[in-house]
Amino acid sequence: MSGIKCGFKPVFDKNSRVLILGSFPSVKSRKVEFYYGNRQNRFWKILCGFFGEAVPESTEEKTALLLRHNVALWDIVTECEIEGSSDASIKNYKVAELDKVLSVSPIKLIILNGGKSFEIFKKFYGKIAVPYIKLPSTSPANTRCDEGEWCRALNSVFGGQEQA
């Protein structure tokens, strides 16, 4: 372990309606300096599949995709000590100040990507007024990731978009 690692700034704007919170960036994500940088992670495939778009390559294209579809993205842990990419090893962490996003964006649902993000979120934000849901981690380490659960959660916010 080599000291404190820092995560990324949140991606959001005044139109963001869903906030997806991961735990903390993996080694591969930290190397490319953006969320879900491991090509084996299902995150971008699931999100792009839901919105009917090809998976973007660059950070700029990924950011544009998120904002175009009113999705905010951040991690519940903004800095910590961590061994490799292991959520179980996260310690001495700082928690995201969610008001930075919630004070600007009309968030209708917070999605917690996996158990660790849910555990930390519940500890610090369990009484938050915004609805939230724990979904299976999109990590390649999680063999039980259910794309259908992700699509149902996204559909609960974006499904009626055309009728609105």
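Under the 3.5 Å distance criterion, with hydrogens and angles disregarded, a donor-acceptor pair is assigned to the side chains of Ser23 and Asp87. One side chain, Glu61 or Ser58, offers a donor N or O that lies under 3.5 Å from an acceptor on the other. Counting only N and O atoms by type, the side chains of Ser139 and Asn41 include no donor and acceptor under 3.5 Å apart.
Side-chain contact check for Ile90 versus Glu81: every heavy-atom pair is 4.5 Å or farther apart. Taking the side chain as every heavy atom from C-beta outward, Cys80 and Asn92 never approach each other to under 4.5 Å. Side-chain contact between Ile120 and Leu21: absent, with no pair of heavy atoms (C-beta onward) separated by less than 4.5 Å. In this structure, Phe12 and Trp74 have side chains that are not in contact, with every pair of non-hydrogen atoms separated by 4.5 Å or more.
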Pair Val95-Ile76, side-chain contact (heavy atoms from CB on, under 4.5 Å): steps then yes or no: CA-CA 6 Å; Val95 175; Ile76 192 65; 3.9 Å; yes
Working for side-chain contact (heavy atoms from CB on, under 4.5 Å), residues Ile20 and Leu66: CA-CA 10 Å; Ile20 301 173; Leu66 292 166; 5.9 Å; no
Check against side-chain hydrogen bond (donor to acceptor under 3.5 Å, both in side chains), Ser26 and Asn38: CA-CA 8 Å; Ser26 69; Asn38 182 340; 5.5 Å; no
Verdict with supporting geometry, Thr78 and Tyr93, side-chain contact (heavy atoms from CB on, under 4.5 Å): CA-CA 7 Å; Thr78 57; Tyr93 58 86; over 6 Å; no
Verdict with supporting geometry, Ile107 and Arg17, side-chain contact (heavy atoms from CB on, under 4.5 Å): CA-CA 4 Å; Ile107 299 295; Arg17 294 169 54 203; 5.8 Å; no
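Tyr132 has its ring centre no less than 6.0 Å from the ring centre of Tyr125. Between Tyr35 and Phe8, the distance separating the two ring centers is shorter than 6.0 angstrom.
Between Phe34 and Thr59, the closest heavy-atom pair is CD1-CG2, 3.4 Å. Nearest approach of Phe24 to Arg30, heavy atoms of both residues: CE2-NH1, 3.7 Å. Contact between Val27 and Ser85 at its shortest, heavy atoms only, is N-OG, 2.8 Å. Ile111 approaches Ala153 most closely through the heavy-atom pair CD1-CB, 4.2 Å. Across all their heavy atoms, Cys145 and Pro136 have their closest contact at CA-CB, 3.9 Å. Of all non-hydrogen atoms in Cys48 and Pro56, the two that sit nearest each other are SG-CD, 3.6 Å.
In this structure, OG1 on Thr138 lies 10.0 Å from CG on Leu47, to the nearest 0.5 angstrom. Leu19 CG to Asn70 CG: the interatomic distance, rounded to the nearest 0.5 Å, is 13.0 Å. Annotation: the span from Asn15 atom CG to Arg68 atom CZ amounts to 13.5 Å, rounded to 0.5 Å. To the nearest 0.5 Å, atoms NZ (Lys123) and CZ (Phe118) are separated by 14.5 Å. Distance check: Lys108 NZ to Ser16 OG gives 11.5 Å after rounding to the nearest 0.5 Å. Atom CD of residue Glu60 and atom OG1 of residue Thr63 lie 7.0 Å apart, to the nearest 0.5 angstrom.
Hydrophobic clustering, with ILVMFWY side chains joined whenever heavy atoms are under 4.5 angstrom apart, keeps Tyr36 apart from Val32.
Relative ring orientation between Phe43 and Trp150 is described as perpendicular, the plane-to-plane angle rising above 60° on a 0-90° scale split at 30° and 60°.
Side-chain N or O atoms of Ser89 include one that pairs as donor or acceptor with a backbone N or O of Ser86 at under 3.5 Å. Between the side chain of Asp75 and the main chain of Val77, no donor-acceptor pair closer than 3.5 Å is present. Under the 3.5 Å distance criterion, the side-chain polar atoms of Ser29 are matched with a main-chain donor or acceptor of Gly37.
The pair Glu119-Lys134 does not meet the salt-bridge criterion, since no charged nitrogen lies less than 4.0 angstrom from a carboxylate oxygen. Between Glu57 and Lys62, none of the side-chain N atoms (NZ, or NE/NH1/NH2) sits under 4.0 Å from a carboxylate O, so this pair counts as no salt bridge.
Of the options Ile128, Ile133, Val101, a side-chain contact (heavy atoms from CB on, under 4.5 Å) to Ile110 is made by Ile128 and by none of the others.
Heavy-atom contacts from other residues, nucleotides or ligands closer than 6.0 Å to CD of Glu97 number 12 or fewer.
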